[in-house]
Amino acid sequence: MDNWMDLFLLVFASFRLTRLIVYDTITEFIREPFHDTVVETQEDGSTETYIEIKGEGLRYWIGELLSCHWCTGVWSAGVLYAGYIFLPQLSMPVIIVLAIAGIASVIQHHFIKD
């Protein structure tokens with residue numbers, strides 16, 4: 001690690017990539033082969049949405065991975081760090097964009113109330 005700024009960028013890039021994979025609608029197509037979305041209507045009329053993991057073996061393992069932000073976060077950090085070490089010219093623009101998006105999402109979530 002060259003400096004604290006690189007670590008800062010990798011932390012926020014990993015945060016954003018993890019959220020992108022686990023939660024964002026735009027990447028739902030990645031999770032869809034491994035998850036079923038179940039919507040239950042409660043007695044009070046409200047709905048609760050949750051996922052059920054499909055399959056068994058490797059398919060189930062991937063489904064578990066894609067449903068857990070802690071698990072996916074480890075893999076996201078590893079992939080980004082490997083890119084940083086082995087392909088810095090290609091990975092740094094991606095890391096910087098993800099880091100900017102990560103910081104923006106933290107600001108949006110914590111400081112701007114809808």
Side-chain angles (χ1 to χ4, degrees):
M1 188 81 36
D2 289 338
N3 59 49
W4 285 100
M5 182 57 77
D6 289 351
L7 177 62
F8 179 81
L9 290 173
L10 284 165
V11 166
F12 277 101
S14 177
F15 163 75
R16 187 61 197 110
L17 181 59
T18 299
R19 292 202 53 86
L20 182 67
I21 293 169
V22 176
Y23 298 111
D24 287 0
T25 304
I26 195 168
T27 56
E28 197 169 279
F29 72 96
I30 294 171
R31 297 182 304 273
E32 197 272 325
F34 307 100
H35 295 167
D36 277 326
T37 302
V38 178
V39 179
E40 286 186 355
T41 303
Q42 306 299 313
E43 290 181 14
D44 65 359
S46 65
T47 59
E48 185 174 326
T49 304
Y50 62 93
I51 63 164
E52 289 181 352
I53 299 171
K54 298 179 182 178
E56 53 190 54
L58 181 61
R59 184 179 188 191
Y60 188 86
W61 183 80
I62 294 170
E64 282 285 336
L65 176 72
L66 293 175
S67 68
C68 171
H69 63 267
W70 300 111
C71 306
T72 304
V74 170
W75 291 99
S76 296
V79 166
L80 291 170
Y81 186 67
Y84 171 83
I85 294 298
F86 298 113
L87 299 167
Q89 306 302 45
L90 294 174
S91 66
M92 279 311 287
V94 173
I95 290 169
I96 290 168
V97 167
L98 286 170
I100 292 168
I103 294 166
S105 69
V106 169
I107 292 169
Q108 175 69 32
H109 180 74
H110 290 289
F111 298 109
I112 300 174
K113 305 297 180 195
D114 294 345

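Keep in mind that this is a model prediction, so the values were computed, not measured.
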> Roughly how far apart are Ile21 CD1 and Ile26 CD1, rounded to 0.5 Å?
Replying inline: 12.5 Å
>> Using 0.5 Å steps for rounding, measure from the CG atom of Leu98 to the CG atom of Leu10.
In response: 10.5 Å
> For Val38, what are the other residues in its hydrophobic cluster, where any two members join if their side-chain heavy atoms are less than 4.5 angstrom apart?
Replying inline: Tyr50
>> Under the side chain to side chain contact (heavy atoms under 4.5 Å, CB included) test against His35, which residue among Leu66, Ile30, Ile62 passes?
In response: Leu66
> Cluster question for you: counting only ILVMFWY and a side-chain heavy-atom cut-off of under 4.5 Å, with indirect links fine, are Tyr84 and Phe86 together?
Replying inline: yes
> Between Ala13 and Ile95, which heavy-atom pair has the shortest distance, and what is it?
Replying inline: CB-O, 3.4 Å
> Quick check: does any side chain N or O of Thr27 sit under 3.5 Å from a backbone N or O of Leu20, one acting as donor and the other as acceptor?
Replying inline: yes
>> Strictly distance-based, threshold 3.5 Å: is any side-chain N or O of Arg59 a donor or acceptor partner for the main-chain N or O of Pro33?
In response: yes
> Just by modelled atom types, is the Gly102 backbone N or O under 3.5 Å from a matching donor or acceptor in the Ser105 side chain?
Replying inline: yes
> If you round to the nearest 0.5 Å, how far is CH2 of Trp75 from OG1 of Thr18?
Replying inline: 13.0 Å
>> Distance check, rounded to the nearest 0.5 Å: Asp6 atom CG versus Tyr81 atom OH?
In response: 10.0 Å
> Apart from Val97 itself, what residues make up its hydrophobic cluster when side-chain heavy atoms of I, L, V, M, F, W and Y under 4.5 Å apart count as a link, directly or indirectly?
Replying inline: none
>> Hydrophobic clusters here meaning ILVMFWY residues chained together by side-chain heavy-atom distances under 4.5 Å, can you tell me if Ile96 and Val94 are in one?
In response: yes
> Just by distance, do the side chain of Thr72 and the backbone of Leu65 share a donor-acceptor pair under 3.5 Å?
Replying inline: yes
> With the 4.5 Å side-chain cut-off for hydrophobic clustering, are Val106 and Met5 part of the same group?
Replying inline: yes
> Is the count of non-hydrogen atoms from other residues, nucleotides or ligands lying under 6.0 Å from Gln42 atom CD greater than 12?
Replying inline: yes
> Which pair of heavy atoms, one from Pro88 and one from Pro93, lies closest together, and at what distance?
Replying inline: O-CD, 4.4 Å
> Honestly curious: do Val79 and Leu90 fall in one hydrophobic cluster under the side-chain, below-4.5 Å linking rule?
Replying inline: no
> Hey, what's the ring geometry for Phe15 with Phe12, parallel, tilted or perpendicular (30° and 60° as the breaks)?
Replying inline: perpendicular
> Which distance, rounded to the nearest 0.5 Å, do you find between the CD1 of Ile103 and the CZ of Arg16?
Replying inline: 12.5 Å
> Looking at Ser91 and Gly83, what are the two nearest heavy atoms and their distance?
Replying inline: OG-O, 2.8 Å
> Would you call Arg31 and Asp24 a salt bridge, taking side-chain N to carboxylate O under 4.0 Å as the test?
Replying inline: no
>> Nearest 0.5 angstrom please: Met92 CE to Leu87 CG, how far?
In response: 12.5 Å
>> Please determine whether residues Ile53 and Phe29 belong to a single hydrophobic cluster, defined as Ile, Leu, Val, Met, Phe, Trp and Tyr linked transitively by side-chain heavy-atom distances below 4.5 Å.
In response: no
